[in-house]
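The structure appears right after this line, and notes come after that.
The structure displayed is predicted, hence computed values, not measured ones. A note on names: the letters A, B, ... follow the listed sequences, proteins ahead of strands, and every chain is numbered from 1.
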Amino acid sequence: MSREFTEQESVRREARARLEEAGVNPYGYSWEVSHHAKDILEAFDDAKHQGVDGSAPLEEFKVSIAGRMMSRRIMGKASFSHLQDESGRIQIYVTRDDLPEGFYNSVFKKMLDIGDVIGVEGYAFRTRTGEISVHVQKLEVLSKSLRPFPIVKEQDGQVFNEVTDKEFRYRQRYVDLVVNPEVREVFRQRARMITTMRRFMDDRGYVEVETPVLQPLYGGAAARPFTTHHNALDMKLYLRIADELYLKRLIVGGFDGVYEISKDFRNEGLSRFHNPEFTMMELYVAYKDYDWMMGFVEEIVEAVAIELHGSTELQVGENTISFKRPWKRIPLLEAIEEKTGHDLSGKSRDEMAAIAAKLNIEVDDSMGSGKIIDELFGEFVEASLIQPTFITDYPVELSPLAKRHRSKEGLVERFEAICNGKELCNAFSELNDPDDQRARFEEQVVLGLGGDEEAMQLDEDYLRALEYGMPPTAGLGIGIDRLAMLMTNSASIRDVILFPLLRPETGVDDSVEESDD
RNA sequence: GAUCCCGUAGCUCAGCUGGCAGAGCAUCUGACUCUUAAUCAGAGGGUCGUAGGUUCGAACCCUACCGGGAUCACCA
């Protein structure tokens, strides 16, 4: 596919051609890196590495660095430029007389551009104006950049021409990462968060496992799936919406603790809080109940906050959130009573519907009591829960995989942690009575036949596993992206997913429409 | 899916009541061996998201569509 080049692209392509004519490979093979920019800035010591204030430069701080040229200030026979590597930026000082004959004037000045990746050898020094820099003695082209980068400038912490266009940043994340260094930091923190959680669970002896992404039946959550087809077996397959039912089969199999950090897929809308593929961490621990699991959640989230921020308190948007244990625990119905003044416990479905109607919540005949409770919670409670709070004991009809409450009729032993007005995790004492589980599945099937596209499917194999006997088990699911949003103070899930789903871009790949095989 | 806002040079943005398409950075030419939003002198660069419509005349007004953002509803 050919396309017309802009003026600046043509200039860069010509420069690449002239590099090749001059015998300079525009795409080098490797470069021995001795330091990153940050290492040099931290290790530089004025006492040991004197500047050029009249005295001859001391050359003992030799460095070899590589990175992308982000600025150029050319002054006749000498130039300054900033090189950016993963750790940050450092200024380099390039002079005609320190490079091979003709290299400075022809190659450096005429054939290189902002955005090119170069390797540089030289020694560190401090300029007259005080900036630690590298005096270049050898320079190699490692990759010629053929497209102009957005030029972002900065002075005294003030940023000029910052690239803020969300679409540009999400579609060309590679550019976003180059020109907005704080974006790299967000994804480093995300990685550290996951590493911390994994270590936390490994330390307790839980086994990280992998279960099928392609599933003949989908289950474990209320959501619409993506559907695909396996050609050789000629069968319909679903991309998983959750890992739950497979992980609990492993508890039946004798693992006492299993977890999986997985991509799940839900064929639903996109929003600031939703991406069709997202990352979930699910954990199941035998011989424990939901009460124990609340303690576990407090601990692991607190550990993440401390690892990332050195503190249990952090600023998220306008709120200061404290993850310090213990978190508040409120039964769902009490939370609703607190906000609305209405006690729903022991009320019939119709009594609840009347209360909801009084509170200006739309209720139709298809809504059961569980759904009404859920609506009231969503409307009057959820957004007001800023500090991490466990909401406990949900209606049984909303929780087909959770165990009945040991003392409260009509409820299950389930909790959600709510933080900054959003659900952070969902957990319960797992239902291990196979006959009760079958009955719950059958209710779901009825809902599905009634048109509920998010109803669960009846999974005979899962029931067979339960019939062999599953120990009492506590289960947990944490939305990793949601937690990453909190931990990195990001307003949108797209800011914590490297390549969020967007509509296809027109004009970049014309083959998209034709390739309908 | 509904509502509102946005789309102008590679990037960030102006563009008044409808009257010749603008600036800074970047790019190109020249000068400059301690600059740092480098500076100085000059130059080039546009399908104003797309398609219609109104008008003597549209970046600007109207309609539809495309893309993005925000809010709402469902879900994590």
Return yes when atom NZ of A:K339 has more than 12 non-hydrogen atoms of other residues, nucleotides or ligands closer than 6.0 Å, and no otherwise.
->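 Check fails, neighbour count at 12 or below.
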Taking atom CD of A:E182 as the centre, does the number of heavy atoms from other residues, nucleotides or ligands within less than 6.0 Å exceed 12?
->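 It does: A:E182 CD has more than 12 such atoms within range.
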Touch check for [X], heavy atoms < 4.0 angstrom, all strands: base, sugar-phosphate only, or nothing?
X	value
A:E423	sugar-phosphate
A:R171	sugar-phosphate
A:E375	sugar-phosphate
A:G76	base
A:K371	sugar-phosphate
A:R224	nothing
A:T164	sugar-phosphate
A:N275	base

From the options [options], select the nucleotide whose nearest atom is closest to the side chain of [X].
X	options	answer
A:E379	B:C34, B:G24, B:A73	B:A73
A:I74	B:U33, B:C32, B:A26	B:C32
A:M75	B:C25, B:U71, B:C34	B:C34
A:F125	B:G67, B:A38, B:C34	B:C34
A:T127	B:U35, B:U12, B:C25	B:U35
A:R272	B:A37, B:U71, B:G68	B:U71

Answer yes or no: side-chain N or O of [X] and base N or O of [N] forming a donor-acceptor pair under 3.5 Å.
X	N	value
A:Y93	B:U33	yes
A:Q91	B:U35	yes
A:T95	B:U33	no

Which whole number of Å gives the distance between the [atom1] atom of [N] and that of [M]?
N	M	atom1	result
B:G15	B:C60	C1'	9 Å
B:G22	B:G44	P	12 Å
B:U3	B:G45	C1'	40 Å
B:G67	B:C28	C1'	33 Å
B:A9	B:U54	P	28 Å
B:C32	B:A37	P	23 Å
B:C66	B:A51	P	15 Å
B:A43	B:G18	C1'	32 Å

Spacing of [X] atom [atom1] relative to [N] atom [atom2], expressed in whole Å:
X	N	atom1	atom2	answer
A:F160	B:C25	CZ	C1'	11 Å
A:D481	B:A76	CG	P	13 Å
A:L502	B:G67	CG	P	11 Å
A:N180	B:C11	CG	P	14 Å
A:R73	B:U35	CZ	P	10 Å
A:E454	B:A73	CD	C1'	12 Å
A:Q172	B:G10	CD	C1'	11 Å
A:D98	B:C34	CG	C1'	13 Å

Salt-bridge present (A:R266, A:E454; N to O < 4.0 Å) = no
In terms of side-chain geometry, is the basic nitrogen of A:E154 or A:R89 positioned less than 4.0 Å from the acidic oxygen of its partner?
-> no
Which atom of A:L486 lies closest to which atom of A:C419, heavy atoms considered =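 A:L486 and A:C419 have their closest heavy atoms at CD1-SG, 3.7 Å.
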Does the ring of A:F278 meet both stacking tests against the six-membered base ring of B:A76: centre distance under 5.5 Å and plane angle under 30°?
-> yes
Mind checking whether A:N161 and A:P150 have side chains closer than 4.5 Å, heavy atoms only?
-> no
Is any side-chain heavy atom of A:D116 less than 4.5 Å from a side-chain heavy atom of A:V141?
-> no
Range-with-range stems of RNA chain B (Watson-Crick or G-U pairs under 3.5 Å, three or more in a row) = B:1-7 with B:66-72, B:10-13 with B:22-25, B:27-31 with B:39-43, B:49-53 with B:61-65
Would A:E397 and A:S369 count as a side-chain hydrogen bond (donor to acceptor under 3.5 Å, both in side chains) if you check the C-alpha gap in whole Å, the side-chain angles of each, and the deciding distance to 0.1 Å?
-> CA-CA 8 Å; A:E397 54 267 50; A:S369 56; 2.7 Å; yes
When A:K144, A:R16, A:R72, A:R147 are each screened for salt bridge (Lys or Arg N to Asp or Glu O under 4.0 Å) with A:D113, the one that passes is A:K144
Sub-3.5 Å pairs of nitrogen or oxygen atoms, protein against nucleotides 43-45 of chain B:
residue : atom : partner : partner atom : Å
B:G44   : N2   : A:E7    : OE1          : 2.4
B:G44   : N2   : A:E7    : OE2          : 3.4

Does one side chain, of A:D98 or A:T95, offer a donor that lies under 3.5 Å from an acceptor on the other?
->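 On atom types as modelled, these side chains qualify, holding a pair under 3.5 Å.
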Residue mapping more 5' on RNA chain B - nearest nucleotide basis, A:R266 or A:R494 =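 Nearer the 5' end of the strand: A:R494.
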Test applied, ring pair (Phe, Tyr, Trp, His ring centres under 6.0 Å); reference residue, A:Y218; option that passes from A:Y246, A:Y238, A:F265, A:F226 | A:Y238
Hey, do the aromatic rings of A:Y290 and A:F390 have their centres closer than 6.0 Å?
->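 Aromatic pair excluded; centres sit 6.0 Å or further apart.
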Residue pair A:N426, A:R414: steps toward the side-chain hydrogen bond (donor to acceptor under 3.5 Å, both in side chains) verdict | CA-CA 8 Å; A:N426 184 17; A:R414 170 181 171 186; 3.0 Å; yes
